[in-house]
Student: 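For reference, the structure I am asking about is given below.
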Amino acid sequence: MSYQSITAKNTLLQKYKIWYAMIFILALSGNFSVFAANMPDSQELIQQLGIRQQDLASLNQGEIVFFNVAESDEKELAAGAAIYLPAAPSKIIGFIKNKGLASIDTAVTARGTIPTRATLNTFKGFGFSAGKDEAASFLAATAGSQFNLSSQEFQTIKAANSGKTDAASQTYRKILLQRWQAYRKKGLKGIAPYDRGDGAEANPGEELRKATQDSKVLTRYFPELYKALLNYPSPLPVGAEEKFFWLNREVQSRPTAILVHRVMLRMGAGEVILSRQFYAGHSYNSNQLIIVCLPYRDGSLVFYMNRTFTDQVAGNASGLKHSIGNEQERDEIVKLLKNLRKAI
């Protein structure tokens, strides 16, 4: 090979090194998104989600528009909604990131962040009201549908000192910590099934796996995030931020302990948020919510896709139960999105 050829080759290699280095620097600085090619615009997502053209006029006037989210399980309730908000995506995402959706959920009575090094003290804000029936029922709980607990957790309750002040709250905090630790270590595989008695179980881990696999938005536009969520705790995509929360929420007039895993990923001017309720104390088994916020007109479109799994809509008269459950779910979504509009 001639000297000139070697020189030309080295020059070309040097150019490629500089080019790759520039991409790497831009990716680290946040000015370049390696996922940008997958991010849809508002019109594309409107079409992808099946929002009818005749509904666009209502959407443009600020009304909440619903679209179909296919259910693939007898225990599943699924719904999708979109709303136009006259605010930039950064403002909406900033609110959700800093205050959380729980701040506009009037049924949430207490909440807290779960740090990386959580202890029992992390859950000190969660508890049953002294002298209330719920605390006594918890300490007397057996396998069934009254509480979502594993066989081992029912044994933990039996071993608790029921005569001790605040025994129910202290025992439940221990269960919450252990469930969070198991999810952090093994992801969906670490979620213990709920013991329904007589050998029957509910499996929230498999439900959330199904919810993730059935999400057309995740699989089509966010494949790296999709893979990471299925295989959590494998590393999340570059730029993704995760947080954990505990909630105490009134569900069917009962206090409900909930553990939440939230992942946020910014892509260009838009953002996707995934919220997993990988533990719920009763009434429903699990929940997965996906929110996509994109620029639209002089503000933003917020797409809201919710999947809830509950034994209460399965079995006899399942069709009627689903109809009632879907109506209640839509009412809850409308209330939450209207509260988000007020807050923004």
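Numbers here are sequence positions counted from 1. Predicted model, so just to flag it, every value in this text is computed and none were measured.
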Student: OG1 of Thr122 to CZ of Arg117: how many Å apart, nearest 0.5 Å?
Tutor: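 Reported to 0.5 Å precision, the distance equals 12.5 Å.
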Student: To the nearest 0.5 Å, how far apart are OG in Ser275 and CE in Met264?
Tutor: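 Between Ser275 OG and Met264 CE, I get 10.5 Å after rounding to 0.5 Å.
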Student: Kindly say whether Tyr284 contributes a backbone atom to a donor-acceptor pair with the side chain of Asn148 at under 3.5 angstrom?
Tutor: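 Yes; judged by distance alone, with no hydrogens or angles, the pair exists.
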Student: Determine yes or no for a side-chain-to-main-chain donor-acceptor pair under 3.5 angstrom, with Glu74 supplying the side chain and Ala314 the backbone.
Tutor: no
Student: Hey, what do you get for CG (Leu176) to CG (Leu259), rounding to the nearest 0.5 Å?
Tutor: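 Those atoms lie 5.0 Å apart.
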Student: Where do Ala70 and Ala78 come nearest, in terms of heavy atoms and distance?
Tutor: O-CB, 4.4 Å
Student: Mark yes or no for whether Thr171, through its side chain, and Ala167, through its backbone, hold a donor-acceptor pair below 3.5 Å.
Tutor: yes
Student: Please report the shortest heavy-atom distance between Ser150 and Ala192, naming the atom on each side.
Tutor: CB-CB, 3.9 Å
Student: Verify side chain to side chain donor-acceptor pair (under 3.5 Å) between Tyr194 and Asp311, making sure each step is shown before the conclusion.
Tutor: CA-CA 11 Å; Tyr194 306 142; Asp311 298 344; over 6 Å; no
Student: Please tell me whether Leu340 and Tyr296 are part of a single hydrophobic cluster in this structure, the criterion being side-chain heavy atoms less than 4.5 Å apart.
Tutor: no
Student: Please assess Leu59 against Ile64 for the test side-chain contact (heavy atoms from CB on, under 4.5 Å), listing each intermediate value before the final yes or no.
Tutor: CA-CA 6 Å; Leu59 190 63; Ile64 297 169; over 6 Å; no
Student: If we ignore angles and hydrogens, is there a donor and acceptor under 3.5 Å between the side chains of Thr308 and Asn287?
Tutor: yes
Student: Have a look at His261 and tell me which of Tyr183, Trp180, Phe278 forms a ring pair (Phe, Tyr, Trp, His ring centres under 6.0 Å) with it.
Tutor: Tyr183
Student: Please tell me if the side chains of Leu177 and Ile114 come closer than 4.5 Å, counting only heavy atoms from C-beta onward.
Tutor: no
Student: Check for a donor-acceptor pair, side chain of Asp41 on one end and backbone N or O of Gln43 on the other, with a separation under 3.5 Å.
Tutor: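 Answer holds: yes.
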Student: Tell me, with the steps shown, if Glu241 and Arg262 meet salt bridge (Lys or Arg N to Asp or Glu O under 4.0 Å).
Tutor: CA-CA 8 Å; Glu241 299 180 18; Arg262 187 188 74 190; over 6 Å; no
Student: Within 45 degrees of the ring normal and closer than 6.0 Å to the centroid, is that where the cationic atom of Arg297 sits relative to Tyr84?
Tutor: yes
Student: Within the side chain of Ser169, is there an N or O that forms a donor-acceptor pair under 3.5 Å with the backbone of Phe128?
Tutor: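 Side chain of Ser169 to backbone of Phe128, a donor-acceptor pair under 3.5 Å: yes, one is there.
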Student: Distance alone, cut at 3.5 Å: any donor-acceptor contact between the side chains of Glu242 and Tyr232?
Tutor: yes
Student: What heavy-atom pair brings Ala81 and Leu337 nearest, and what distance separates the two atoms?
Tutor: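 Here Ala81 and Leu337 meet closest at CB-CD1, 4.0 Å.
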Student: Using the rule given for side-chain contact (heavy atoms from CB on, under 4.5 Å), can you reason through Phe303 versus Ile290, listing the C-alpha separation, both sets of side-chain angles and the distance that settles it, and then say yes or no?
Tutor: CA-CA 8 Å; Phe303 299 91; Ile290 296 174; over 6 Å; no
Student: Could you tell me which non-hydrogen atom of Ile104 sits nearest to which non-hydrogen atom of Ala343, and how far apart they are?
Tutor: CG2-CB, 4.0 Å
Student: Quick check: is Tyr279 connected to Ile191 through a chain of hydrophobic side chains (ILVMFWY, heavy atoms under 4.5 Å apart)?
Tutor: yes
Student: Run through Arg307, Lys210, Lys321 and flag the one making a salt bridge (Lys or Arg N to Asp or Glu O under 4.0 Å) with Glu76.
Tutor: Arg307
Student: Once rounded to the nearest 0.5 Å, what's the spacing between atom OG of Ser137 and atom CG of Leu139?
Tutor: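 Output value for this atom pair is 9.0 Å.
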Student: So which atom in Ala240 and which in Val263 form the shortest heavy-atom distance, rounded to 0.1 Å?
Tutor: CB-CG1, 4.2 Å
Student: Can any side-chain N or O of Ser286 pair as donor or acceptor with the backbone N or O of Gln277 at less than 3.5 Å?
Tutor: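 No; zero donor-acceptor contacts below 3.5 Å.
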Student: Do Gln312 and Gln252 have a side chain donor and acceptor closer than 3.5 Å?
Tutor: yes
Student: In terms of hydrophobic clusters joined by side-chain contacts under 4.5 Å, are Ile333 and Val251 together?
Tutor: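 Cluster IDs for Ile333 and Val251 differ.
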Student: Under the 3.5 angstrom rule, does the side chain of Tyr172 hit a backbone N or O of Phe138 as a donor-acceptor pair?
Tutor: no
Student: Do the side chains of Ile83 and Leu294 join up, straight or via other hydrophobic residues, at under 4.5 Å, putting them in one cluster?
Tutor: no
Student: Would you say the side-chain atoms of Ser300 pair up with the backbone N or O of Pro295, donor to acceptor, closer than 3.5 Å?
Tutor: no
Student: Between atom CD1 of Ile258 and atom NE2 of His282, what is the distance when rounded to the nearest 0.5 Å?
Tutor: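 One finds 8.5 Å between CD1 of Ile258 and NE2 of His282.
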Student: Using a 6.0 Å cut-off, check whether atom CD of Gln181 has over 12 heavy atoms from anything other than its own residue.
Tutor: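 More than 12 within 6.0 Å, yes.
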Student: Look at the side chain of Asn248 and the backbone N and O of Thr256, then say whether any donor-acceptor pair between them is shorter than 3.5 Å.
Tutor: yes
Student: Asn339 versus Thr106: any side-chain heavy-atom pair under 4.5 Å?
Tutor: yes
Student: If we only count heavy atoms from C-beta on, is the Leu188 to Leu229 side-chain gap below 4.5 Å?
Tutor: no
Student: Honestly, is Arg254 close enough over Phe147, meaning NZ or CZ under 6.0 Å from the six-membered ring centre and within 45° of the axis?
Tutor: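 Pair Arg254/Phe147 counts as cation-pi.
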Student: Is it true that the side chains of Arg276 and Thr212 contain a donor and an acceptor less than 3.5 Å apart?
Tutor: yes
Student: Between Arg173 and Asp166, is there a salt bridge with N-O shorter than 4.0 Å?
Tutor: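 The answer is yes: the pair qualifies as a salt bridge.
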Student: Does some side-chain heavy atom of Asp73 sit less than 4.5 Å from a side-chain heavy atom of Glu207?
Tutor: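 No, too far: nothing below the 4.5 Å cut-off.
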Student: Evaluate the side-chain proximity of Arg249 to Thr109: yes if any heavy-atom separation is below 4.5 Å, no if none is.
Tutor: no
Student: Would Leu49 and Asn68 satisfy side-chain contact (heavy atoms from CB on, under 4.5 Å), going step by step from the backbone distance to the final call?
Tutor: CA-CA 8 Å; Leu49 295 175; Asn68 183 57; over 6 Å; no
Student: Any Lys/Arg nitrogen of Glu206 or Arg209 sitting under 4.0 Å from an Asp/Glu carboxylate oxygen of the other?
Tutor: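 Result for this pair is yes, salt bridge flagged.
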Student: Would you confirm whether Gln155, through its side chain, and Gln152, through its main-chain N or O, come within 3.5 Å as a donor-acceptor pair?
Tutor: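 Such a contact is absent between Gln155 side chain and Gln152 backbone.
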Student: Quick check on Asp298: does its CG atom have over 12 non-hydrogen neighbours (other residues, nucleotides or ligands) under 6.0 Å away?
Tutor: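 No, not enclosed.
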Student: Do NZ/NE/NH1/NH2 and the carboxylate oxygens of Glu271 and Lys97 come within less than 4.0 Å?
Tutor: no
Student: Side chains of Met305 and Leu289, heavy atoms from C-beta outward: is any pair under 4.5 Å?
Tutor: no
Student: Would you find more than 12 non-hydrogen atoms of other residues, nucleotides or ligands less than 6.0 Å from Asp198 atom CG?
Tutor: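 Open.
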Student: Mind checking whether Tyr221 and Gln48 have side chains closer than 4.5 Å, heavy atoms only?
Tutor: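 SC-SC contact between Tyr221 and Gln48 confirmed.
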Student: Going by heavy atoms in the side chains, are Ile51 and Phe66 under 4.5 Å from each other?
Tutor: no
Student: How long is the straight-line distance from NZ of Lys243 back to OG1 of Thr116, given to the nearest 0.5 Å?
Tutor: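 Output value for this atom pair is 10.5 Å.
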Student: Where do Leu77 and Glu329 come nearest, in terms of heavy atoms and distance?
Tutor: O-OE2, 3.4 Å
Student: Under 4.5 Å between side-chain heavy atoms, counting indirect links through other Ile/Leu/Val/Met/Phe/Trp/Tyr residues: same cluster for Ile92 and Leu101 or not?
Tutor: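 Yes, Ile92 connects to Leu101 through the hydrophobic network.
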Student: For Arg111 and Ser103, what are the C-alpha separation, side-chain angles and deciding distance, and is it a side-chain contact (heavy atoms from CB on, under 4.5 Å)?
Tutor: CA-CA 9 Å; Arg111 58 195 172 99; Ser103 68; 3.4 Å; yes
